[in-house]
2 protein chains.
Amino acid sequence: MDLRQLRYFVGVARERNFTRAAQQLNIAQPPLSRQIQALEDELGVALLIRNSRPVRLTEAGRLFYEQALQVLGRVDQMRAATRRVGLNQNSVLSIGFVASTLYGGLPSLVRKLRHRAPDIEIQVLEMMSIQQIPALKEGRIDIGFGRLHHSDSGVVEIVLREERLTVAIPRDTPLAQDSAPLPIGALTGQKLIVYPKEPRPGYADQVLNLLHGHDVRPAEVHEVREIQTALGLVAAETGLCVIPSSARQMRSDVHYRLLEGERATSPVILYHRVGDTSPYIDLVKEVIKEMYAENPSWLSAEHNLPTRPSFAE
Amino acid sequence: MDLRQLRYFVGVARERNFTRAAQQLNIAQPPLSRQIQALEDELGVALLIRNSRPVRLTEAGRLFYEQALQVLGRVDQMRAATRRVGLNQNSVLSIGFVASTLYGGLPSLVRKLRHRAPDIEIQVLEMMSIQQIPALKEGRIDIGFGRLHHSDSGVVEIVLREERLTVAIPRDTPLAQDSAPLPIGALTGQKLIVYPKEPRPGYADQVLNLLHGHDVRPAEVHEVREIQTALGLVAAETGLCVIPSSARQMRSDVHYRLLEGERATSPVILYHRVGDTSPYIDLVKEVIKEMYAENPSWLSAEHNLPTRPSFAE
DNA sequence: CCGACATAATACCCACTGAGTATAATTGTA
DNA sequence: TACAATTATACTCAGTGGGTATTATGTCGG
């Protein structure tokens, strides 16, 4: 497959007519026909219904059309962004984050950064905490937001907050009759759902270690790939799930109770390279400090231990 | 630019070595060098620092690398999805939506649909309300979720709910001293921010008409492209902004008050083609009905007039 | 139902781009 | 400073993409 083929197909899909599409694409009609045929051959799927005038799209063609538009748009953006960065010499700040920070302050942080430093290109990449450490060292990202402590001497970590954990409980079960914090011991003998299945060690192990440290043994442990699935299974009464409190808003059809117990928290940690002198690191820290000052709802004392990041004395 | 060039560049960026990358790509090293040069020429930007071993990426190269990875991944997904649909004959349900429904029930609707009918490929496309009508008629989407009434005989509309409007107010201003609902007349003489600037007529006109109908004349009207910007300007004390209540959660650094007055609501409307006999339309309606029954928080009575969609008698 | 027109597919040829081989230039290091 | 590793350049060849001419197919009016 080839970008040219995408452009050609988009032309035909838009015009629903090979001849006119060919004119707009500045080629003759026969080569256009052949390129579309080649595309269909490679996919092994008919994209167009030709025994009809005007030409119509098949179901597959319709899907392919919308996706092709998006890919082409993405390529244009990529070209423009690369030129901007390359020519104006303005830099790129690449931020890695774990999915759960999306439900916390990350979106407004990024928004504020774009506002405060419109000349830098900000790029965000979702990745698990432990993938962030090598990504930082290889220069793929400059800043990471994760939930795991690490022991790599090349990467600094700053604990932004200790977020309390919450247990997601299926409605209409005994444990869901109360909304008070749930002592960690109450998880003994329960069916537990943890995420993510990979990569290990990850947040799942953090939860399992916590339970182990309290001598709590769940009846079974079910591993799933991501939090969405986990909460879906909770709603389907498959078991309980321990999540960071900020992820509560993801589903409203399950019951939530804070988890109570020693170390029943998950940190939100900022990572960056040791000796990274880029001014943007400081900008990020500064903006985070401001956000703490504004103290928006996602930082509510109710869901956090009263910690403050080390740089915000 | 060419997908091949993206693949080649990704290979070099990953290996940081032309020779090894060429081996992995199953080509000789010289053509690889030339393709990368061609790419850099087209972009007019250096992507690699060659007078260094191992080869390093420039800032622009780093950006281009991550984006190229994403584009290539997207293309693979597109290929796979198209094949799936084309071969297994399972269909595509294409859903258009206005951005504000993202803060309402759309995400869980889509999740539920995927769960209930795993064989259909669900595609979601953000588009403004009035763009949805032609998109429906041209078959680009099958279902639309928007906020504007229309008068096209080819498209059915079902009002799902009448969401109350909320005024976003800068903190520390007189109007922000109270949290009680704000009578619509209080907007007289205020600076107002509306969105979206395009396309017209749109939600902005809905708000302006509402004020006009109540003989309320704001001091100035500032038009911006999207709600994010609008709320940003509110936070910057540039003026007030009228938003659907579900969009409250977008920013926590402004003050919100419900708007009180005749017709101070914005409907959430489901559109589909007249005579569309696809079973998926009914499935969507059914799932929505269920979601009403579950009555999650974003549907709270507080932020909605007590309406029920016509199909949920 | 047929014929004329519109439109897509096929046949064939040419040019140019991309790949290979051989070799020169450059970088990093012992 | 010289050698090993690695990238760039020169040159050639094959295959793909594009053009023109023509055939096949579909649509619509009479």
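Chain naming here is simple, since letters A, B, ... match the order of the sequence lines and numbering starts at 1 in each. All values derive from a computational prediction rather than experimental measurement.
What separates CD1 of B:I49 from P of D:dT6 is a distance of 19 Å, to the nearest Å. Between the C1' atom of C:dT21 and the CG atom of B:L32 lies a distance of 16 Å, rounded to the nearest Å. In this structure, A:I27 places its CD1 atom 14 Å from C1' of D:dT16, rounding to the nearest Å. In this structure, A:L39 places its CG atom 17 Å from C1' of C:dA9, rounding to the nearest Å. Distance B:I36 CD1 to C:dG18 C1': 14 Å, rounded to the nearest Å. Rounding to whole angstrom units, CZ of residue B:R34 and C1' of D:dT7 are separated by 13 Å. Going from atom CG of A:N26 over to atom P of D:dG18 covers 12 Å, rounded to whole Å.
A donor N or O paired with an acceptor N or O is not found under 3.5 Å between the base of D:dA8 and the side-chain atoms of B:Q37.
The side chain of A:Q29 contributes no N or O atom lying less than 4.0 Å from OP1 or OP2 of D:dG18. Put simply, A:S33 has a side-chain N or O that comes within less than 4.0 Å of OP1 or OP2 on C:dA9.
Note on ring orientation: taking the six-membered ring where Trp is involved, the planes of B:Y195 and B:Y203 are tilted (angle from 30° to 60°).
At most 12 heavy atoms of other shown residues, nucleotides or ligands fall within 6.0 angstrom of atom CZ in A:R56.
Contacts of A:R273 classified as salt bridge (charged side-chain N to carboxylate O under 4.0 Å, His left out), with partners at least two apart in sequence or in another chain: A:D142, A:D276.
A donor atom on one side chain and an acceptor atom on the other are not found under 3.5 Å apart for A:R147 and A:Q206.
Nearest heavy-atom pair, A:M127 versus A:Q132, reported as atom, atom and distance to 0.1 Å: O-NE2, 3.4 Å. What you find for B:V159 and B:P267 is that their closest heavy atoms are CG1-CB, 4.1 Å.
Note that the CZ atom of A:R14 and the CZ atom of A:R16 stand 11.0 Å from one another [nearest 0.5 Å].
With distances taken from any side-chain atom of B:A28 to the nucleotides C:dA8, D:dG17, C:dG20, the minimum falls on C:dG20.
Taking every heavy atom of residues 4-25 of chain A and every atom of DNA chain C, pairs under 4.0 Å involve A:N17, A:F18, A:T19, by number.
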